[in-house]
Amino acid sequence: MSNSNIEMNNARNSVYQLLSSLFAKELNRAMLEELNGDNAQAFWAQLATQPEFEHYVKTIVDTLANLNTDDDLLELAADYCGLFLVGNKHSASPYASLYIGDKEPTIFGPQHQQMLTFLQEKQLQLHSDFSEPADHIAVILAYAGHLSLSADETHQLSYLKMNLANWLSNFVAQVKKTDQGVFYTAVAKLTLAWVNSEIEWLS
Amino acid sequence: MNRRDFLKGLLSTSYVVLSGTSVLAPLNALAKAGAKDKDGWLTTGSHFGAFKIKRKNGVIDQVKPFDTDKYPTDMINGIRGLVYNPSRVRYPMVRLDFLLKGHKSDTSKRGDFRFVRVTWDKALGLFKDSLDQIQTNYGPSALHAGQTGWRATGQLHSSTSHMQRAVGMHGNYVKKIGDYSTGAGQTILPYVLGSTEVYAQGTSWPLILENSDTIILWANDPYKNLQVGWNAETHEAYGYLAQLKEKVKAGKIRVISIDPVATKTQNYLGCENIYTNPQTDVPLMLAIAHELYTNDLYDKDFVKGYSLGFDRFVPYLMGTDDGIEKTPKWAEKITGVSESVIKELAKTMIGGRTQILMGWCIQRQQHGEQPYWMAAVLATMLGQIGLPGGGISYGHHYSSIGVPSSGAAAPGGFPRNLDEGKKPLFDNDDFKGASKVIPVARWIDAILEPGKTIDANGSKVTYPDIKMMVFSGNNPWNHHQDRNRMKQAFQKLECVVTVDINWTATCRFSDIVLPACTTLERNDIDIYGSYANRGLLAMQKMVEPLFESLSDFEIFTRFAALLGREKEYTRGMTETDWLKKLYDDCKAANEGKFAMPEFEQFWRDGYVHFGEGKTWTRHADFRKDPEINPLGTPSGLIEIFSRKIDRYNYDDCKGHPTWMEKLERSHGGPGSDKFPIWMQSCHPDKRLHSQMCESQEFRETYTVKGREPVYLNPSDAKERGIKDGDIVRVFNDRGQLLAGAVVSNNFPRGVIRIEEGAWYGPVGEDGSVEGGAKVGAICSYGDPNTLTQDIGSSKLAQACSAYTCLVNYEKFQGKIPNVSSFNGPMEVTT
């Protein structure tokens, strides 16, 4: 792989990891400072140069800039909790297995097993601080980032299609429907736009 | 800009990723210790029976019944759905407004508010701070940690014991007396027969099968209810029911089900039914007694030798004291049972060996003490108490009662109380004149009317001013009555803490919610077959606790550590140490009688069998010699008239069994002009109370368009334009719910059934989940306690009235809202 390709893939990995991080847990003060820092601002600005990302990035950046107090962070944490940490019908549980298959799903279903297999093949596992099923969207995105550095394009494309693109739009619609704020809807839509752009590019 | 340039631009920003947020790690570097897949099947148990499990990659893959269980319930098909439920409480959570404002939070939206995830340290710290505030500001009368219930099985991790021991280390608190299942029965029967009877071993099924000529199932549906047990259920009773079915078929035993509905048992056995109007069992029993008495058919010797107060009862029976003779003709009008059927029934009962088997439901109503007392009087008049296959039982539908017991000693459990000599941190016993113990079902009354004094079982109870409730493994938003009244009460509470596995309605109406793991995520031991005590079952951990849930032992050990009392709490022992101790103590108690291997061998085998039991007859010793073996009543005899109760001078529970009209009664009774339908809410067929309702795949085997079934009489349904599968609105002045119509000939006119345990899922008038917190919201799933009366059975027991109320119903015409029961908290747009 050329240096140029390595750089590009590092950049792609950065986007995947960033999106994964935003889904993985609530924002805390340290994360907020990083996301509002100069480096991140440049990153956001560069992301926003793409028209399909621009609107969502602006919403994200604006929200982040206005999270001034701890109470603001708690309100955002309550949005996160309502969306991703409880229930399934009136929230947007972030697990692939709840969106795939026609039988009423349970968590730790086949997609969880599938992701565990993928991780093991790459000598990876879930971080011990992350007590979630392996088909959590944060894991699927992080693994996509990992593949962007380590797998050929056909493999990457197949992975995205088989494990993310097949449920992501339903998930994003559910986030939009149940989000009490705007931040996570923007993050979800940015994710969908990003994955679509990736699939288009890899194709 | 092309993508290549765009990506290069991204990289040039030097932004990599948020530090410390990676969800992936190198394999094995951070490997969690825990259960690994093993070849073969592991053993465990539950209220639904014992079963075996096979795992795949650390996930429960297959579940099958335990080898010895010949009659497993299909509820074990719901086990996976309980564990891997999307509604799991995944992390410790705190209602946002409570986190921000503590005890001054806005409680008007409790039940539908915003939660945030917190760490265990934070959650337990808030829990302790709340207890500190309550004890400091109000004292122990403001804390109620005594609402406890069916928990999950297991002797070590029993949620009630852990919560009460830990909270008890912090301070004193209000407790309950009685339970929702048998509140009226367990209070009246000690006066009459000297024990609760409802929780006593009964005459063995083989003796009943051998000796009974007639079995009366009085409001009793054992074929439905024996699927579950207090401990891991063996289901051996089903073998005896199968034999009974054969005997019924062969005409060797006559079984008569006295019930307004055709029960599951009746349909299974193919037995007879005597229909009686709902809630009119006492008039029917009185009329049978009248027939026995006036025709001189009753056993005078037994009445004289073994009972007290018949002479005080007869004037009431004959109407010389109230002007109403309790004749079959009189009863016919009330009960709907014809005079001739009553007379024939009386002759049948006295004409041979008759075993009366009472169910529990009919004592969960206003005056619920009376049918139990009157049934005991009937059994006394028949004179067969203490004979095999005769007399009366109040428990043959429950937890292996009647299955011959092995007689082995059962293991103990984790201690519920403080160790001897130990004092709570807040060593304050000043309840400010309020009662320390209140009848179990009167806690909502207490919250709404603090300081009020009521009569209860010969004493006065003064309601404490409750400000905080703690629940663990308990879902009162299922088992208590009148949801809209509960909402008003909960708005008065400053803090509610709930420990549970899935987001019950109780969790949703709480401020602090703590995730407990399921029985499959920790090690424990259990008795196999509660009253049969058939053996000892290893409950082997199948998977690590999901998310950040913890075992009850771990949760409250951490809480005790906050009090500086961790070592005292655990007595310095780990989970494994405790399991071994409980086992070894049990082994020592059985030494020389029942062989038990060393603990390690037991754990490998998964089971110790104590052998088959010997048959036994209830009250045989009393019958043999009532002076040497007296009953536990004041006189030592069966008390047909209780001087003690008579002296209480209660207008709703007199000195002998009495028929009293109800506040609400169908079929021409009070209130039936306005709400003509009787709603029966008995124990469910497909759940254990509310346990298992959340298991979706299994739930879908019985729901109708995703709703709890409401069973309807065909003619009643037709009159309302309702057909099978329609969504029905059931309502009265207290509330309203939606349920799915199942039209069935099992249900007579004027009667519907919605089984209790259906999870509460309120939604607003527009179908919105945010409207569900409001008083008057409709239940989207079909929780019958949205409609029931929150009244005490009487001044004696003050027990719940969960079984019965008046309603009406119609085909639902509006936009059908989504079911909101099986989720976490909803969010409110403020």
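When reading the values below, keep in mind they use all heavy atoms of this one structure, side chains included, and skip hydrogens, waters and symmetry mates. Chain identifiers are assigned alphabetically (A, B, ...) following the order of the sequence lines, protein sequences preceding nucleic acid strands; residue numbering begins at 1 within each chain.
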- Query: About how many Å separate CG of B/N57 and CD of A/Q120, when rounded to the nearest 0.5 Å?
  - Reply: 6.0 Å

- Taking the side chain as every heavy atom from C-beta outward, state whether A/N5 and B/R4 have any atom pair closer than 4.5 Å. yes

- Can you name the nearest heavy-atom pair linking B/F6 to A/Q46, along with the distance? O-NE2, 3.0 Å

- A/R12, A/H112, A/E26: which one forms the most heavy-atom pairs within less than 4.5 Å of chain B? A/E26

- Regarding A/S93 and B/R90, is there a side-chain donor-to-acceptor distance under 3.5 Å anywhere? yes

- Task: Evaluate the side-chain proximity of B/V23 to A/H136: yes if any heavy-atom separation is below 4.5 Å, no if none is.
- Result: no

- With chain B, which of A/L74, A/L116, A/I107 has the greatest number of heavy-atom pairs at distances under 4.5 Å? A/I107

- Return yes when atom NZ of A/K122 has more than 12 non-hydrogen atoms of other residues, nucleotides or ligands closer than 6.0 Å, and no otherwise. yes

- Query: To the nearest 0.5 Å, how far apart are CG in A/N13 and CG in B/L11?
  - Reply: 10.5 Å

- What are the residues of residues 57-65 of chain A, in order of number, with any heavy atom under 4.5 angstrom from a heavy atom of chain B? none

- Message: Is A/E75 in contact with chain B via its backbone, its side chain, both, or neither, using a 4.5 Å heavy-atom distance?
- Response: both

- So which heavy atom on B/E548 is nearest to which on A/S131, and how close? CG-OG, 3.9 Å

- With only heavy atoms counted, which part of B/I60 is less than 4.5 Å from chain A, the side chain, the backbone, both or neither? neither

- Checking A/Y16 against chain B: side chain, backbone, both or neither under 4.5 Å from a heavy atom? neither

- Message: Is it true that, when you exclude A/H155 itself, more than 12 heavy atoms of the residues, nucleotides or ligands shown sit nearer than 6.0 Å to its NE2?
- Response: yes

- State, yes or no, whether a side-chain contact exists between A/Q180 and B/R114 at a heavy-atom distance under 4.5 Å. yes

- Query: Taking side chain as C-beta onward, heavy atoms only, is B/S22 less than 4.5 Å from A/F130?
  - Reply: no

- Around atom CG of A/D38, are there more than 12 heavy atoms of other residues, nucleotides or ligands at under 6.0 Å? no

- Message: Does A/V86 form a side chain to side chain contact (heavy atoms under 4.5 Å, CB included) with B/F115? I'd like the steps, not just the answer.
- Response: CA-CA 9 Å; A/V86 293; B/F115 280 74; 5.9 Å; no

- Is any side-chain heavy atom of A/L98 closer than 4.5 Å to a side-chain heavy atom of B/P86? yes

- Task: Could you check B/R80 against A/T106 for side chain to side chain contact (heavy atoms under 4.5 Å, CB included), going step by step and ending with a plain yes or no?
- Result: CA-CA 8 Å; B/R80 276 194 91 260; A/T106 54; 4.0 Å; yes

- Message: At under 4.5 Å between heavy atoms, what parts of residues 194-203 of chain A are in contact with chain B? List them by residue number.
- Response: A/W194, A/S197, A/E198, A/W201

- Message: At a 4.5 Å cut-off on heavy atoms, which part of B/L24 comes close to chain A: side chain, backbone, both, or neither?
- Response: both

- Structural part of A/F53 lying under 4.5 Å from a heavy atom of chain B: side chain

- Applying a strict 4.5 Å limit to non-hydrogen atoms, the region of A/L141 in contact with chain B is neither

- Just wondering, do A/F108 and B/L546 contact through their side chains at under 4.5 Å, heavy atoms? yes

